[in-house]
Amino acid sequence: MEGLRCLGMAMASCAMTGNVVASSDRVCRTDGGRPNVILILADDLGYGDLSCYGARNVVTPCIDSLARRGVRFTNCHAVAATSTPSRYSILTGEYAWRRPDTDVAAGNAGMIIRPEQFTMADLFRSRGYSTCAIGKWHLGLGDKSGEQDWNAPLPSALGDIGFDYYYIMAATADRVPCVFIENGMVADYDETAPIEVSYRRNFDGEPTGKDNPELLYNMRPSHGHDMSIVNGISRIGYMKGGGKALWKDENIADSIVSHAVGFIRENKDNPFFMYFCTNDVHVPRFPHQRFRGMSSMGVRGDAIAEFDWTVSQLLQELDRQGIADNTIIIITSDNGPVVDDGYDDRAEELLGGHSPAGPFRGNKYSSFEGGTAVPMIVYDPRRMADGKGMVSEALFSHVDFIASMNELVGGRMPKGAAPDSRKALPALLGEDSEGVEYVLEQSNTHVLSVRTLRWKYIEPSDGPAMIQWGPKVETGNSPAPQLYDMTKSLYEKDNVAAEHPDVVERLSRLTAR
Ligand code: NG6
Ligand code: CA
């Protein structure tokens with residue numbers, strides 16, 4: 001099938017992105033059995049943050065247009081309310097809470113997924129796909145925490161867990177080291193500025209946000225984030241050096257787009273899997289100048305606009321290469337939204353009636369649905385067409401991606417691989433309206449919840465009702481079991497645990513570790 005000319009479909013994909021290129025220039029390289037897959041993972045993008053999910057004060061035309069053709073999910077759940085455990089579960093198909101070392105990782109954490117583990121990238125690779133990871137990583141690098149030499153090739157990295165190519169940020173934009181890593185080495189390494197990183201102590205003579213607030217010309221912290229200063233923004237952790245390799249926050253979106261586009265070009269003739277993770281809309285939110293003012297919500301809204309543009313650039317490249325008709329796009333987020341997450345960026349004051357978590361209670365970190373209910377749009381051009389888009393209420397958890405992708409590509413996973421992942425391909429493709437029986441969700445303090453189509457159960461916990469260290473977020477903690485009937489209200493308010501002890505008993509058994 002490869003090399004097949006299919007001009008009609010090319011025209012259709014052309015219309016999808018509004019990118020006008022003469023159809024005679026196109027060659028569709030169709031391999032019906034092995035579609036390309038691009039998993040686009042936004043950071044801290046809430047259920048309510050896209051205009052197709054009811055966002056106010058910002059528009060996301062490109063993503064909305066995919067939603068009009070594909071499946072827009074109302075019941076998709078991240079495994080965890082923070083990044084590292086959420087991403088761990090996506091890539092391995094194992095609940096992060098089964099492992100002790102999967103909480104929000106420092107920038108110098110050792111590689112959390114071990115080479116012997118089977119990953120989503122291994123799965124695609126085993127079916128002859130080229131694989132890549134681009135953007136935010138946040139799952140550790142190298143053999144041992146704190147012992148990486150950032151001036152030399154890393155002894156273990158993503159090449160050991162199935163990725164043929166990668167261009168990544170080690171952790172988050174608010175954590176050092178503030179450099180990209182490309183295939184095991186710091187990208188654009190600057191020999192004149194060797195890199196040192198510590199999460200314990202500062203390096204002699206290096207300024208910090210705490211001691212030198214006058215150097216914070218781009219952004220100041222609201223809580224935490226007062227250590228090393230890079231690009232006029234203070235971060236978590238200490239670093240020295242980096243020179244020309246240091247990123248400029250305003251260029252991160254451009255930088256990951258250009259590397260993704262390069263990968264698409266190089267792999268246009270063979271099936272590929274791309275794990276594409278944006279920094280948007282995580283803090284520090286610092287979108288490029290050309291997106292400033294695109295929303296009325298300041299940098300958080302403008303970062304959403306930058307995210308939409310980012311998606312549009314990938315789609316345009318697929319179209320240009322004539323492979324849009326054979327590339328499945330999945331867009332989702334690693335956890336729920338947060339407004340003030342540690343920088344003084346006026347995100348809260350400028351919301352103007354916008355609800356980042358949509359109808360849900362709670363935010364990132366929380367056991368309430370706002371922590372883990374995320375947007376998801378799946379577009380499979382082989383079976384979906386303009387005007388045929390649908391909204392699906394099917395229950396889906398990110399932990400189920402890997403088994404579902406295995407169904408998609410007809411792979412075989414080794415015994416013991418992806419132990420918690422369930423096959424749910426028909427739900428992902430909009431052909432099954434129910435999805436999985438239940439999903440498990442983990443708060444940032446490891447409180448587990450269970451969600452079914454009807455119920456939400458939160459296990460009892462002793463923690464405080466509000467986060468105590470900065471963000472104004474309800475944790476969802478309560479010493480009593482909580483049960484909410486989600487068919488009555490999506491905002492978890494009326495605890496009906498006392499009226500349904502049988503349901504509480506049944507769901508609580510699923511949280512046993
Ligand atoms: C928190 C950070 C927050 C963010 C989060 C991880 C402080 C005060 N806050 O500890 O800014 O980085 O960790 O976010 O340090 S995540 O989306 O990558 O999980
Ligand atoms: Ca996140």
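Whatever order the structure lists ligands and atoms in, that order sets their numbers, starting from 1. We use all heavy atoms of the structure for the numbers below, so side chains are in, but hydrogens, waters and symmetry mates are not. Numbers here simply count residues along the sequence, with the first being 1. Remember, it's a predicted structure, so these values are computed and weren't measured experimentally.
- Atoms CD1 and CZ, from I90 and F401 in turn, are 6.0 Å apart once rounded to the nearest 0.5 Å.
- Annotation: W455 is not in aromatic contact with Y457 [ring centroid separation under 6.0 Å not met].
- Taking 4.5 Å as the limit, every side-chain heavy atom of N75 sits out of range of all side-chain heavy atoms of F396.
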Are there any protein N or O atoms under 3.5 Å from the N or O atoms of ligand 1? List them with distances, or say none.
residue: ligand 1; atom: 11 (O); partner: D174; partner atom: OD2; Å: 3.0
residue: ligand 1; atom: 11 (O); partner: H225; partner atom: NE2; Å: 3.0
residue: ligand 1; atom: 11 (O); partner: D341; partner atom: O; Å: 2.8
residue: ligand 1; atom: 12 (O); partner: D174; partner atom: OD1; Å: 3.4
residue: ligand 1; atom: 12 (O); partner: D174; partner atom: OD2; Å: 2.6
residue: ligand 1; atom: 12 (O); partner: R175; partner atom: NH1; Å: 2.8
residue: ligand 1; atom: 13 (O); partner: R175; partner atom: NH2; Å: 3.0
residue: ligand 1; atom: 14 (O); partner: H282; partner atom: NE2; Å: 3.1
residue: ligand 1; atom: 14 (O); partner: K364; partner atom: NZ; Å: 2.8
residue: ligand 1; atom: 17 (O); partner: D44; partner atom: OD1; Å: 3.1
residue: ligand 1; atom: 17 (O); partner: H282; partner atom: NE2; Å: 3.4
residue: ligand 1; atom: 17 (O); partner: K364; partner atom: NZ; Å: 2.9
residue: ligand 1; atom: 18 (O); partner: K136; partner atom: NZ; Å: 2.9
residue: ligand 1; atom: 18 (O); partner: H138; partner atom: ND1; Å: 3.3
residue: ligand 1; atom: 18 (O); partner: H282; partner atom: NE2; Å: 3.3
residue: ligand 1; atom: 19 (O); partner: S83; partner atom: N; Å: 2.8

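- Judged by distance alone, the side chain of H446 and the main-chain N or O of Q442 form no donor-acceptor pair under 3.5 Å.
- The aromatic ring centres of F360 and F368 sit 6.0 Å or more apart.
- Atoms SG and CD1, on C132 and I38 in that order, are 8.0 Å from each other to the nearest 0.5 Å.
- Closer than 3.0 Å to the Ca ion (ligand 2) sit the protein N, O or S atoms D43 OD1, D44 OD1, D334 OD1, D334 OD2, N335 OD1.
- Inter-residue side-chain proximity for M297 and E349 is flagged as unmet; no heavy-atom pair is nearer than 4.5 Å.
- At least one side-chain heavy atom of E369 sits under 4.5 Å from a side-chain heavy atom of E441.
- No side-chain heavy atom of Q117 sits less than 4.5 Å from a side-chain heavy atom of I161.
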